[in-house]
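Below is one structure; the comments refer to it alone.
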Number of protein chains: 2
Amino acid sequence: MATSAQNSTKAKRARLPRERRRMDIMAAARAVFVEKGYEEAAMSEIAARADLVEGSLYRFFKTKRDLLIAVLEVSYEKLLADYDLQLAGISGVRNRLRFMIWRLLVAFQENPDLTRLLYRHIRSEADYLSTRIYELNRKYAGHMDAILTEGIASGELRAETPLRLVPQMILGGIDQLTWRHRMGVGQFDPARTADEMTEFVYRGLVAGNHSAGGPQDDVANRLEATSRDLAATTARLASLSELQDIDKKTNSSD
Amino acid sequence: MATSAQNSTKAKRARLPRERRRMDIMAAARAVFVEKGYEEAAMSEIAARADLVEGSLYRFFKTKRDLLIAVLEVSYEKLLADYDLQLAGISGVRNRLRFMIWRLLVAFQENPDLTRLLYRHIRSEADYLSTRIYELNRKYAGHMDAILTEGIASGELRAETPLRLVPQMILGGIDQLTWRHRMGVGQFDPARTADEMTEFVYRGLVAGNHSAGGPQDDVANRLEATSRDLAATTARLASLSELQDIDKKTNSSD
DNA sequence: GAGCCTTAATGAGGATAACTCATCAGCGAT
DNA sequence: ATCGCTGATGAGTTATCCTCATTAAGGCTC
């Protein structure tokens, strides 16, 4: 609302701090990119929406593509915000794996245009590797790796688990499964998909193909693990409510 | 050699049959696309290599993109030529699965530029579905489906096999695993990769491994599901309180 | 508070590339 | 030899990214 400096006669040369301008431009760019896609998004329109002239954009972003990357980096970062925090509250290989899958599926479902831009113009270009998005995906895969490694150490997963392969197949599978939704045709159910995928993956990973200790033993192990999970969840709930209390107190003093 | 009608002074108006011209154009286009990529490939250069003038291309292909699609359709068809024939000579769920995976990996390894174009400009665009390439991929997935169904019928695979999921994860995994090679950085070994992937997938599919399907198992399943639900609820709670934090902060900054 | 100076902002214009269209002429049929 | 169909032309249009010389806003010094 109060964006235009002087509401009459259209202010000619509002001089704003650099960071503020950058953010304005990125906000405008995000809107146009989402609305029209990359190629169809004209720099002139982005400039217009950011209350700027086309040439000025290039003082903030060297190229149209740089602008896209900047926009998607912050968007993707928000998209995956603190999933690792939430992951910390979940225990057990299987549950943790499922959470990772489910979280990404939900993120994809809630942001189809964003993920479309991501796949079309970032992940399939060679400079993807020098992108913050790549870093985030690496971190994500790293978490999966940690989960698997942990599972192997505890003996729950077989020692020959292909550590590199599994995250790749999960990420690739998610890509494939969400393609239609991303393109605006079709839907998917994150919870059900996550269940199916987790089940399938877990079966491929779990140790003891030929009943090492009998099925009952296995069930007992899983029950114990689940019990630990529940305890962890309870603990997390408790600490959460404490945090909220503290929050309320500190906020009210502001 | 005999392409140019009069070998002196560059024949001005060689009049060739329509199909012949189409093929010439597609051959030239393929070369330029592979060499430079889609955006960097200029219609003028394609025309020059096909011994034509730029404007003439548009009498054969309505748009640059149409030309690309036509080129990739025949290339992809060749790429997967008679894998189904070879498949017929292989028996056993596991062997057949492995062959499917291995075959695609080899094709991808041998044609990095082609697959790069495919992923960058066909598979990530909405009109992919109306493409012959889509049909070919469907056929490929259909073969996998048949293999799995057959395995279920014989009792080798468990009956609850997620038929839709598995081919998607395999194709997606192959996509991911070959990304670096496609982009010109890194390598992969089709045989070893196929082995690993087949082993992992097969373990996830085969009947009668860890969950024997007994009543105890059912109890464990239900308990685990409950635990997951609780964890998810906690996670939601957590993100909720965090969101409130952010809200408060952003509001105070106004 | 006047003048200076850094630099944000401008806007006209260059460069390139996809695509169009009125016109021309090669080639088979008469 | 002539005619007409249509393949082929190439000049031109349009759209868009990006550059650059110029202008003046606003903080800083005295």
Side-chain angles (χ1 to χ4, degrees), chain A residues 3-6 8-29 32-33 35-71 117 121 125 127, chain B residues 2-26 28-29 31-33 35-71 117 121 125 127:
Chain A
T3 306
S4 48
Q6 315 301 335
S8 72
T9 73
K10 193 189 184 186
K12 271 287 155 80
R13 306 230 171 161
R15 237 178 138 111
L16 275 68
R18 190 166 180 81
E19 266 318 304
R20 168 63 191 278
R21 270 283 195 245
R22 261 187 84 93
M23 287 185 49
D24 285 357
I25 292 172
M26 285 173 66
V32 179
F33 282 143
E35 203 170 297
K36 311 236 173 155
Y38 179 68
E39 282 92 356
E40 301 305 313
M43 288 299 263
S44 58
E45 185 175 354
I46 294 173
R49 288 209 206 176
D51 252 312
L52 231 74
V53 133
E54 195 176 347
S56 297
L57 295 184
Y58 293 88
R59 302 192 57 81
F60 296 88
F61 299 92
K62 240 180 56 182
T63 147
K64 185 183 180 185
R65 179 163 174 76
D66 278 358
L67 176 53
L68 175 78
I69 292 177
V71 165
L117 288 168
H121 297 108
E125 304 284 331
D127 59 2
Chain B
T3 305
S4 47
Q6 316 301 339
N7 45 17
S8 72
T9 72
K10 193 188 183 187
K12 269 290 156 73
R13 306 232 169 158
R15 241 178 133 111
L16 275 67
R18 191 167 179 79
E19 266 318 303
R20 168 62 192 278
R21 270 282 196 242
R22 261 187 83 94
M23 286 185 50
D24 285 357
I25 292 172
M26 285 174 65
V32 179
F33 282 142
E35 203 170 297
K36 310 236 173 154
Y38 180 68
E39 282 93 356
E40 301 305 313
M43 288 299 263
S44 58
E45 185 175 354
I46 294 173
R49 289 209 206 177
D51 252 313
L52 232 73
V53 133
E54 195 176 347
S56 298
L57 295 183
Y58 292 89
R59 302 191 58 80
F60 296 88
F61 299 93
K62 239 179 60 183
T63 147
K64 185 183 179 185
R65 179 164 174 75
D66 279 357
L67 176 53
L68 175 77
I69 291 176
V71 165
L117 287 168
H121 297 109
E125 305 284 332
D127 59 1

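So that the names make sense, note that chain A is the first sequence line, chain B the second, and so on, each numbered from 1.
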- Hey, does the side chain of B/Ser44 come within less than 4.0 Å of C/dA18's phosphate (OP1/OP2), counting only N and O? no

Practice item. Look at B/Thr63 and C/dA18 and indicate whether a side-chain polar atom (N or O) is within less than 4.0 Å of OP1 or OP2. Key: no

Atom CD of B/Glu39 and atom P of C/dT16 are separated, to the nearest Å, by 18 Å

query: When all nucleic acid strands are considered with a 4.0 Å heavy-atom cut-off, which category describes B/Ala47: base, sugar-phosphate, or nothing?
result: nothing

Here the pair of heavy atoms bringing A/Ala50 nearest to A/Arg21 is O-NH1, 4.3 Å

Query raised in the report: Counting heavy atoms not belonging to B/Glu39, are there more than 12 under 6.0 Å from its CD?
Result: yes

Assign each of B/Gly55 and B/Arg18 the nucleotide of DNA chain D bearing its closest heavy atom; nearer the 5' end lies the nucleotide of B/Arg18

If only side-chain N and O atoms of A/Arg21 are considered, is one of them under 4.0 Å from the OP1 or OP2 phosphate oxygen of C/dA9?
yes

Rounded to whole Å, CG of B/Leu52 lies from P of D/dA8 at a distance of 6 Å

Within 45° cone and under 6.0 Å: B/Lys64 NZ/CZ vs B/Tyr38 ring
yes

To the nearest angstrom, the CD-C1' distance between A/Glu54 and D/dT19 comes to 11 Å

Is the shortest side-chain N/O distance from A/Tyr58 to OP1 or OP2 of D/dT19 below 4.0 Å? no

By nearest-nucleotide position on DNA chain C, the 5'-leaning member of B/Arg65 and B/Arg59 is B/Arg65

Result for 5'-nearest mapping on DNA chain D, choosing between A/Glu40 and A/Ser56, is A/Glu40

To the nearest angstrom, the NZ-C1' distance between A/Lys36 and D/dT16 comes to 13 Å

Scanning both residues in full, the closest heavy-atom pair of B/Ala41 with B/Lys36 reads N-CB, 4.1 Å

